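Here's the structure, in structure tokens; my notes come after.
Owing to the predicted nature of the structure, the values given are computational and were not obtained by experimental measurement. In what follows, chains are A, B, ... by sequence order, proteins preceding strands, each numbered from 1. Hydrogens, waters and symmetry mates are skipped; everything else that's a heavy atom, side chains included, is used.
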Amino acid sequence: MMDASVVLSSIMGMISPAQIIFYMLAACILLSSLMVVASRNAVSSAVFLVVDLFFISAMYASMDAHFAAAIQVLVYAGAIVVLFVFVIMLLNLKPEAMKGIHLNFPEAAVLVFTFIGFCVIAIAVSRTGATGIGDGNMTAAAITAAGGNTYVVAMRMFTGYLWPFELASFLILLAIVASVVIAKKEPKIAGKKMDGDASLARDVASSTSAGH
Amino acid sequence: MAVPTENYIVLATFVFMLGVIGVLYRRNLIMVLMSIELLLNAVNIIFIAASRDLAQVDGQIMVLFIITVAACEAAVGLAMVIALFRRYGTLNTDFLRVLRG
């Protein structure tokens with residue numbers, strides 16, 4: 001596969017294999033992101049999210065960020081989306097309870113122009129590859145010479161970013177405690193029914209009457 | 001000839017706009033949380049592209065921290081979803097408006 005693309009690109013003389021990989025991965029990422037947002041079924045969206053995260057991890061690997069690619073698969077695709085699927089299955093959501101996307105024309109136009117604006121601003125602010133102030137010395141060759149991507153990331157993290165690293169571990173502890181406390185079952189109160197929207201209407205009425 | 005950084009920025013902007021559309025237009029709370037994960041991934045793509053462009057690894061370290069924060073936020077958000085569903089029996093954002101001003 002790689003030889004065929006190299007031969008093809010040398011014949012055409014225009015695209016390198018890295019660009020072919022980028023465009024293929026970009027098409028897959030956009031397609032799966034679109035399916036995440038546009039699926040009616042929550043489990044379908046979760047599956048498309050896993051696929052999306054795998055393709056994004058492949059894109060990290062193509063950008064020589066090998067450790068980030070591995071962590072993305074392990075943590076994001078392997079733990080976070082599994083948590084989503086657990087909750088979807090636990091709550092047993094019905095597909096017809098979710099509506100699709102309803103976009104009328106003025107909102108769609110605003111979104112399209114905002115997107116074009118973001119792109120223009122981002123490309124205008126980004127660098128075109130010229131070296132300048134703020135350039136590091138960790139080019140791809142330097143990373144390979146220093147001992148690989150994971151080694152360089154680890155050295156930087158545990159020397160320059162040690163304090164955020166410890167804070168992040170404390171944040172994880174906080175999140176664990178918070179999620180256990182929030183999702184705990186309340187003690188049973190006699191006479192309290194779970195009747196969905198009527199209970200919501202009662203709460204809205206009581207909150208608005210208490211606020212005035 | 002490497003891929004120019006602008007390609008990654010345009011791709012990440014596309015993914016970010018899809019995530020924004022998902023946050024604004026989905027009526028199920030879990031779908032909103034999944035679209036937030038899309039937003040965070042779009043930003044991750046830009047960070048790694050910038051780290052490659054500036055020849056540093058600080059962008060990749062930032063990506064690790066963003067993944068960590070996303071995990072914590074997903075855990076707490078899903079715990080809230082469970083509590084909301086247990087309390088109200090619905091996850092429709094049209095009806096969950098007790099905090100609405």
Rounded at 0.5 Å granularity, tell me how far CG in A:Leu25 sits from CG in B:Leu11. 9.0 Å

How close do A:Ala38 and B:Arg26 get, heavy atom to heavy atom, and via which atoms? C-NH1, 3.8 Å

Nearest-0.5 Å distance, CG of residue A:Leu91 to OG1 of residue B:Thr90: 11.0 Å

Measure distances from A:Leu90 to the heavy atoms of chain B and classify the residue's part below 4.5 Å as side chain, backbone, both or neither. side chain

What part of B:Met34 is in contact with chain A, defined as an atom under 4.5 angstrom from a non-hydrogen atom: side chain, backbone, both or neither? both

Give, as side chain, backbone, both or neither, the part of B:Phe14 having an atom under 4.5 angstrom from any heavy atom of chain A. both

Answer with yes or no whether the side chains of B:Asn41 and A:Gln72 bring together a donor and an acceptor at under 3.5 Å. yes

Side chains of residues 68-80 of chain B: which donor-acceptor pairs under 3.5 Å do they make with residues two or more places apart or in other chains?
unit_1	atom_1	unit_2	atom_2	d
B:Thr68	OG1	B:Leu64	O	2.8

Relative to chain B, which segment of A:Met157 carries a heavy atom at a distance below 4.5 Å: side chain, backbone, both, or neither? both

Enclosure of B:Phe65 CZ (heavy-atom neighbours >12, cutoff 6.0 Å): yes

What residue, out of A:Ser45, A:Gly160, A:Ala168, A:Ala68, has the most heavy-atom pairs lying under 4.5 Å from chain B? A:Ser45

Contact leader toward chain A among B:Leu84, B:Ile48, B:Leu91, B:Ile82, where contacts are heavy-atom pairs under 4.5 Å: B:Ile48

Contact part of A:Ala79 toward chain B, heavy-atom cut-off under 4.5 Å: side chain, backbone, both or neither? neither

Best-contacting candidate, B:Val10, B:Leu38, B:Leu33, B:Val20, against chain A by heavy atom pairs under 4.5 angstrom: B:Leu38

Would you list the pairs meeting ring pair (Phe, Tyr, Trp, His ring centres under 6.0 Å) in which at least one residue belongs to residues 17-38 of chain A, sequence neighbours left out? A:Phe22-B:Tyr8

Name the member of A:Leu83, A:Ile29, A:Ile176 that forms the most heavy-atom pairs with chain B at distances under 4.5 Å. A:Leu83

Heavy-atom proximity to chain B below 4.5 Å, by part of A:Leu53: side chain

Contact class of B:Ala42 relative to chain A, heavy atoms under 4.5 angstrom: neither

Among A:Val153, A:Asp64, A:Thr150, A:Ile71, find the one that has a side-chain contact (heavy atoms from CB on, under 4.5 Å) with B:Gln60. A:Val153

Under a 4.5 Å cut-off applied to non-hydrogen side-chain atoms, are A:Ile56 and B:Asn44 in contact? no

A:Met63 side, atom CE; B:Asp53 side, atom CG - distance, nearest 0.5 Å: 11.0 Å

Would a 4.5 Å heavy-atom cut-off, applied to side chains only, mark A:Val36 and B:Glu37 as touching? no

Quick check: do A:Gln19 and B:Pro4 have side-chain heavy atoms less than 4.5 Å from each other? yes

Could you tell me which portion of A:Ile182 (side chain, backbone, both or neither) has an atom closer than 4.5 angstrom to a non-hydrogen atom of chain B? both

Below 30° counts as parallel, above 60° as perpendicular, anything between as tilted: where do the rings of A:Phe118 and B:Phe16 land? perpendicular

Please classify the contact of A:Leu49 with chain B as side chain, backbone, both or neither, using a heavy-atom distance under 4.5 Å. side chain

For A:Lys184, is it the side chain, the backbone, both or neither that has a heavy atom under 4.5 Å from a heavy atom of chain B? backbone

Hey, which of A:Ser169, A:Ser62, A:Ala178, A:Ala46 has the most heavy atom pairs under 4.5 Å with chain B? A:Ala46

For chain A, find which of B:Leu18, B:Leu24, B:Val23 contributes the most heavy-atom pairs closer than 4.5 angstrom. B:Leu18

